[in-house]
Amino acid sequence: MNKCMSMREDKAPREFRGPKKFIKKGLIIVLTGDGKGKSTSAFGTAFRSLGRGYKVAIVQFIKGNWKTGEERAFKKFKDQCQIWSMGKGFTWETKNFSDDVATAQNAWKKCSEFLHDEHHHLVIFDEINYVIKYNFLDLDTVIRELKKKPAFKHVILTGRDAHRELIHLADLVSEVKCVKHPFNQGILAQPGIEY
Ligand code: ATP
Ligand code: MG
């Protein structure tokens, strides 16, 4: 993957010299890598957009068994924010492939609505990279629809092992690298940090 800048050019972001002419457009953002912080980064951006008065839609492709802090928080912005989870039966632990394909495709229908509507300024497809990687969802369909999204709309796709074609299509790609994770030191997942 291309690095954003070389070591020699390693300046503070404000000093970064890009092209002379800048345009404004809705971004396709991919957040990937093996470190913790992909979903939290997407939710942080959602929070920023909500602060600007924009409408935000979130589809969570993988849902744990617990009620997450982000779900509770976003419900407080119910006029501006829609959060849609694939619901029970599709978690990290599911085993039935055809059920998972059907569930993922059902979730994609919802994504597609949010992607093409005129209301939501930012849409987040959380853990979509995972369902693409395991072929629960067809990559070509996702790419074709992303290319047809309204120009103003920002889309964030999260999850480990983003497909190289999504990376190629995206305007912004960040890879979170795991340096340390508390789980590996025997520290339990904690409310407000993990969920
Ligand atoms: P978060 O939702 O906390 O931002 P994430 O979206 O970057 O995490 P996922 O790949 O979605 O990470 O993983 C979901 C869960 O796995 C999170 O609870 C996270 O803390 C945990 N996790 C993420 N990276 C690691 C890692 N390198 N080692 C162990 N657990 C991890
Ligand atoms: Mg995540």
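Please read these numbers as outputs of a predicted model, since none were measured by experiment. The chain is numbered in sequence order, starting from 1. In listed order, ligands and their atoms are each counted from 1.
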Option set Lys36, His181, Gln190, Lys38, criterion heavy-atom distance to atom 21 (C) of ligand 1, minimum: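 Checking each option, the heavy atom nearest atom 21 (C) of ligand 1 is found in His181.
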
Minimum non-hydrogen distance to atom 11 (O) of ligand 1, winning option of Glu194, Lys180, Glu127: Glu127

Angle, OG of Ser39 through the Mg ion (ligand 2) to OE2 of Glu127 - 10° precision: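 Angle OE2(Glu127)-the Mg ion (ligand 2)-OG(Ser39): 110°, rounded to 10°.
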
Ligand 1 contact by Ala189, heavy-atom criterion under 4.0 angstrom: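 Contact absent.
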
Can you name the atoms of ligand 1, numbered from 1 with element, that are less than 4.0 Å from a heavy atom of [X]?
X: Ser39; value: 2 (O), 4 (O), 5 (P), 6 (O)
X: Gly35; value: 7 (O), 24 (N)
X: Thr40; value: 4 (O)

Exercise: do Ser112 and Glu145 side chains pair donor with acceptor under 3.5 Å: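 A pair is found: one side chain offers a donor N or O, the other an acceptor, under 3.5 Å apart.
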
Sidechain-backbone polar pair: Lys110 side chain, Val59 backbone, donor-acceptor under 3.5 Å: no

Check: Gln60 main-chain N/O paired with Ser85 side-chain donor or acceptor under 3.5 Å: no

Sequence neighbours excluded - ring-ring contact (aromatic ring centres under 6.0 Å, His included) pairs with any residue from residues 159-185: none

Between Tyr134 and Tyr130, ring centroids under 6.0 Å: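 Under 6.0 Å, so yes.
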
Nitrogen or oxygen atoms of Cys178 and ligand 1 under 3.5 Å apart: no

Contact (N/O only, under 3.5 Å) between Gly37 and ligand 1: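 Yes.
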
Residues in side chain to side chain contact (heavy atoms under 4.5 Å, CB included) contact with Phe152, at least two apart in sequence or another chain: Glu118, His121, Pro150

Atom CD1 of Ile187: over 12 foreign heavy atoms under 6.0 Å: yes

Side chain, backbone, both or neither: the part of Asp34 lying under 4.0 Å from ligand 1 by heavy atom: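 The answer is the backbone.
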
